[in-house]
Amino acid sequence: MTRKAISTDAAPAALGPYSQAIVADNFVFCSGTAGIDPATGETADGIEAQTEMALRNLDAILTAAGASLSTLVKTTIFYANVEDFATSTRSTRASCPTHRLPAPRRPT
């Protein structure tokens with residue numbers, strides 16, 4: 001199996017001793033990313049902006065790996081307040097291509 005570490009300045013740097021993503025054969029395994037603006041290091045304000053920024057960061061990492069949100073199979077989203085579920089879901093739907101089915105698997 002071939003493995004390649006992925007790194008891009010278009011998303012926040014990994015906060016620990018790990019890569020933003022690893023490409024193994026034809027699969028891309030992404031580390032967690034947050035709603036942090038890679039240019040400023042600031043966290044976006046509010047769950048909607050944080051979700052949108054995290055997905056832009058994920059898209060940048062996937063693009064650097066030769067993939068895209070349209071090839072996404074699974075995501076996991078963590079949030080602190082269950083009341084944010086609907087807003088987070090709306091932001092995810094707006095950012096992920098919906099023309100293809102099945103939609104990505106998303107445990108929360």
Side-chain angles (χ1 to χ4, degrees):
M1 174 188 308
T2 60
R3 294 178 52 202
K4 178 183 174 190
I6 301 300
S7 180
T8 178
D9 292 335
L15 299 176
Y18 53 87
S19 303
Q20 290 172 321
I22 296 286
V23 175
D25 291 334
N26 291 325
F27 295 95
V28 180
F29 297 89
C30 294
S31 300
T33 187
I36 297 171
D37 184 328
T40 65
E42 299 293 321
T43 301
D45 188 32
I47 189 66
E48 184 172 16
Q50 289 174 20
T51 302
E52 291 169 2
M53 180 61 70
L55 288 166
R56 279 197 298 274
N57 293 336
L58 177 60
D59 189 40
I61 295 166
L62 290 170
T63 298
S68 71
L69 288 175
S70 68
T71 60
L72 192 64
V73 174
K74 178 183 180 288
T75 62
T76 301
I77 298 176
F78 295 100
Y79 47 86
N81 184 343
V82 73
E83 300 294 322
D84 292 333
F85 177 79
T87 301
S88 176
T89 297
R90 275 192 307 277
S91 296
T92 301
R93 282 187 183 143
S95 298
C96 290
T98 57
H99 63 276
R100 67 175 185 89
L101 292 174
R105 184 179 182 306
R106 185 189 141 200
T108 53

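Position 1 is the first residue of the sequence; numbering continues from there.
Shown here are the side chain to side chain donor-acceptor pair (under 3.5 Å) partners of Ser7, two or more places apart in sequence or in another chain: there are none. With sequence neighbours left out, the side chain to side chain contact (heavy atoms under 4.5 Å, CB included) criterion links Phe29 to Ala24, Phe27.
Summarising the geometry, atom CD1 belonging to Ile47 is positioned 8.5 Å from atom CG belonging to Asn81; distances are rounded to the nearest 0.5 Å. Rounding to the nearest 0.5 angstrom, the gap separating the CD1 atom in Ile36 from the CG atom in Leu15 is 6.0 Å. A distance of 10.0 Å separates CD1 of Ile6 from CD1 of Ile61, quoted to the nearest 0.5 Å. Note that CG of Leu58 and OG1 of Thr75 are 8.0 Å apart. Values are rounded to the nearest 0.5 Å.
Listed for the Asn57 side chain is no donor-acceptor partner under 3.5 Å among the backbone atoms of Pro12.
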Report task. Would you please test Gln20 and Thr33 for side chain to side chain contact (heavy atoms under 4.5 Å, CB included) and show each step? Result -> CA-CA 8 Å; Gln20 290 172 321; Thr33 187; over 6 Å; no
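Around the CG atom of Asp45, the shell of radius 6.0 Å holds no more than 12 heavy atoms that belong to other residues, nucleotides or ligands. Remark: Asp25 CG is packed, more than 12 non-hydrogen atoms of other residues, nucleotides or ligands lying under 6.0 Å away.
Each of Val23, Val73, Thr71, Ile22 was checked for a side-chain contact (heavy atoms from CB on, under 4.5 Å) with Val28, and the lone residue meeting it is Val23.
With a 4.5 Å cut-off on side-chain heavy atoms, Pro38 and Asp9 do not count as touching. In this structure, the side chains of Met53 and Asp37 come closer than 4.5 Å at one or more pairs of heavy atoms.
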